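The block underneath contains the structure these notes are about, expressed in C-alpha cells.
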Protein chains: 2
Amino acid sequence: MPFGKPRAERADAVRNREHLLKTAREMLAECGADKVTMDGLAERACLGKGTVFRHFGTRAGIFRALLDADERRFQEQVMSGPPPLGPGAEPIDRLIAYGRARIAFLLDHHVIARAALDRNQPAPVGDPSVTQLHIRVLLQQGAPMPNIAGVAIQLTAALEGPLLLYLSRPDTDANETAEIYDLLADAWQTLIERLTR
Amino acid sequence: MPFGKPRAERADAVRNREHLLKTAREMLAECGADKVTMDGLAERACLGKGTVFRHFGTRAGIFRALLDADERRFQEQVMSGPPPLGPGAEPIDRLIAYGRARIAFLLDHHVIARAALDRNQPAPVGDPSVTQLHIRVLLQQGAPMPNIAGVAIQLTAALEGPLLLYLSRPDTDANETAEIYDLLADAWQTLIERLTR
DNA sequence: CTATGAAGCGGGGTAAAGTCCGTTTATGCT
DNA sequence: AGCATAAACGGACTTTACCCCGCTTCATAG
C-alpha cells in the first residue's frame, strides 16, 4: 500500500477535534485566553488530557488551530473575493487593500494570535509565507525594486509586528481599537504609496 | 522624609542580582536558553528561588535584564558615537545606519531577545519606544510625511519583527547569519531610500 | 461477522513557573 | 553599640504544560 493514502482520519478523532475547538472557543469567550488551560479544556470537553495534546501538540497549537479556520476564510477573500482585495485591481491598490484588511483581521484576532505565539517555534500567525509571498508578488508586479524578497519580509513584519509585539493590550475598548486601526491602516497606505511612487 | 530617596538599594541585593546575572550568562553560554530554569539558576547561584523571582519577576525578566546592559551600550553608540550612526550625519543616512546596526544587534542577541518575549507583556526588546522615537525623529527631520507616528511604529516592527517572529532558527551557523544580515540590511536600506525619495 | 492491527484515548507522572509567608539581615537612627 | 524596621531571603506549595504508555475503539480484510 503506497504513501498516497495513509488511511483516512478516524471519525471519532474528527468529532473530538471539532468538539475541542468548539469548547475552546467557548472558554475563550467566557474567561479570556489565559484561562484556557489544557486540563480545563480536557475536563470541560469530557476528554482526556492526552487527547488534547494528541490533537494540538502544544497549548499554542490550540490557538493556531482556532486561527486557521478564520485565516482560511481571509485568504479566500484575497484569492477570489471582490477587488481591490481580490484579483482585478491594480497591484498597488491590492497591496494597500491587503494591508488594511490584514490589520483589521489581526486587530480582531489579536488575543488569539498572541496566544498562538510559541516560545520555540518559527512563526505564529497563519502561514507567514502566505502573507509574505502575496506581498512579494504584488510588489514585483506593481513596483519592481532591488531585493524584493527582503523588503517583503520587512513589510510582512510591518503589518503583523505591531499587533503581535507592541500593541498587546487586552484592555482596549472598541473606541481605541478603531483609533489604532486608523493609525496603522493609514500608515500602511502612506508607506506603500511612498515606497512605490 | 519625601519620596525622593526611598532608601538606597541594599548592598546584598545588588551583589545577589549581579551574581544571578553572571550565573545566568554562564548557563546560557553552556547549555542554551531553554536550559536556563528558575530552579536551576537559583541552585547554581546558591540562592533561594524566591530571590530569583524577587529580582526578575518572571523568567522572561531575566533575559530582559541580560539584554538591558547591551541595549544601553547600543543606545550610547546611537546617541553619542561617531556618525553616521551617531549624531552629525544626514538624518536619512543616520536612519539607514541605525537599521543596519539594529539588525546586527538583534542577530547577535537573537536568542536572548526571543527568550525575553513574554506571553502577557507589551514589548520584549529594549524599550521599543526608544527605537520608535528615534526612527520618528529622524524621519521627521529627513522626510516629513503624513502620519509619521504610525509609519514609525511600522518601521520599528519591520526592523525587529523578522528577527523575533519569523527567523527564529537557533540552528543558524555563522555563514547563514551573514547572509540574513545582508538580506535584511540591504532591504532596510532599499525601504528607507525609496520611502524618503 | 469477526479478527486484527493501527490509530486514538486516558490519566498519572514530571518538571518548571510563579506565589506566599515566616525568617533573616542590612541599614539608619539614637 | 543597640534597636527598630523595612527590605531581602528561602523554600514549601500550587498550578500548568507536556510526556508516556497501557488500554480501548475504530476501520478494514477475509
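Sequence lines set the chain letters: A, B, ... in the order given, protein chains first and strands last, and positions in each chain run from 1. Note that the structure is a prediction, hence the values are computed from the model and not measured.
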- Residues that B:Asp108 engages under salt bridge (charged side-chain N to carboxylate O under 4.0 Å, His left out), provided they are two or more places apart: none

- Residues in salt bridge (charged side-chain N to carboxylate O under 4.0 Å, His left out) with A:Asp93, at least two apart? none

- Message: Counting only heavy atoms and a strict 4.0 angstrom limit, can you tell me which residues of residues 14-38 of chain B come near DNA chain C?
- Response: B:Thr37, B:Met38

- Query: When you measure from every atom of DNA chain C, which of residues 47-60 of chain A have a heavy atom less than 4.0 Å away?
  - Reply: A:Leu47, A:Gly48, A:Lys49, A:Gly50, A:Thr51, A:Arg54, A:His55

Rounded off to whole Å, could you give me the [atom1]-to-[atom2] distance for the [X] and [N] pair?
X: A:Leu41; N: C:dG11; atom1: CG; atom2: P; value: 14 Å
X: B:Arg10; N: C:dG28; atom1: CZ; atom2: P; value: 11 Å
X: B:Asp118; N: C:dG18; atom1: CG; atom2: C1'; value: 11 Å
X: B:Arg119; N: D:dT15; atom1: CZ; atom2: C1'; value: 12 Å

- Item | Among C:dA26, D:dT16, D:dC26, the nucleotide that comes nearest once only the side chain of B:Asp12 is considered | C:dA26

- Message: Under a 3.5 Å threshold, yes or no: a donor from one side chain and an acceptor from the other, between B:Asn16 and B:His55?
- Response: no

- Message: Heavy-atom count check: over 12 atoms from other residues, nucleotides or ligands less than 6.0 Å from A:Glu90 CD?
- Response: no

- Task: Of all the heavy-atom pairs spanning A:Ala60 and A:Leu117, show the shortest one and how long it is.
- Result: CB-O, 3.8 Å

- Shortest non-hydrogen contact between A:Asp34 and A:Arg59, atoms and distance: CA-NH2, 4.2 Å

Identify whether the distance between the nearest side-chain nitrogen and carboxylate oxygen of [X] and [Y] falls below 4.0 Å.
X: A:Arg15; Y: A:Asp12; result: no
X: B:Arg102; Y: B:Glu71; result: yes
X: B:Arg100; Y: B:Asp186; result: yes

- Message: Applying a 4.0 Å non-hydrogen cut-off, can you work out what A:Ala11 is touching in the nucleic acid: base, sugar-phosphate, or nothing?
- Response: sugar-phosphate

- Report yes or no: does B:Arg94 contribute a side-chain atom to a donor-acceptor pair with the main-chain N or O of B:Val78 at less than 3.5 Å? yes

Table please: side-chain donor-acceptor pairs of residues 18-26 of chain B below 3.5 Å, with sequence neighbours left out.
unit_1, atom_1, unit_2, atom_2, d
B:Thr23, OG1, B:His19, O, 2.7
B:Glu26, OE1, B:Arg44, NH2, 3.0

- Overall bend - the helix from C:dC1-D:dG30 to C:dT30-D:dA1, comparing terminal axes fitted on five pairs, nearest 10 degrees: 10°

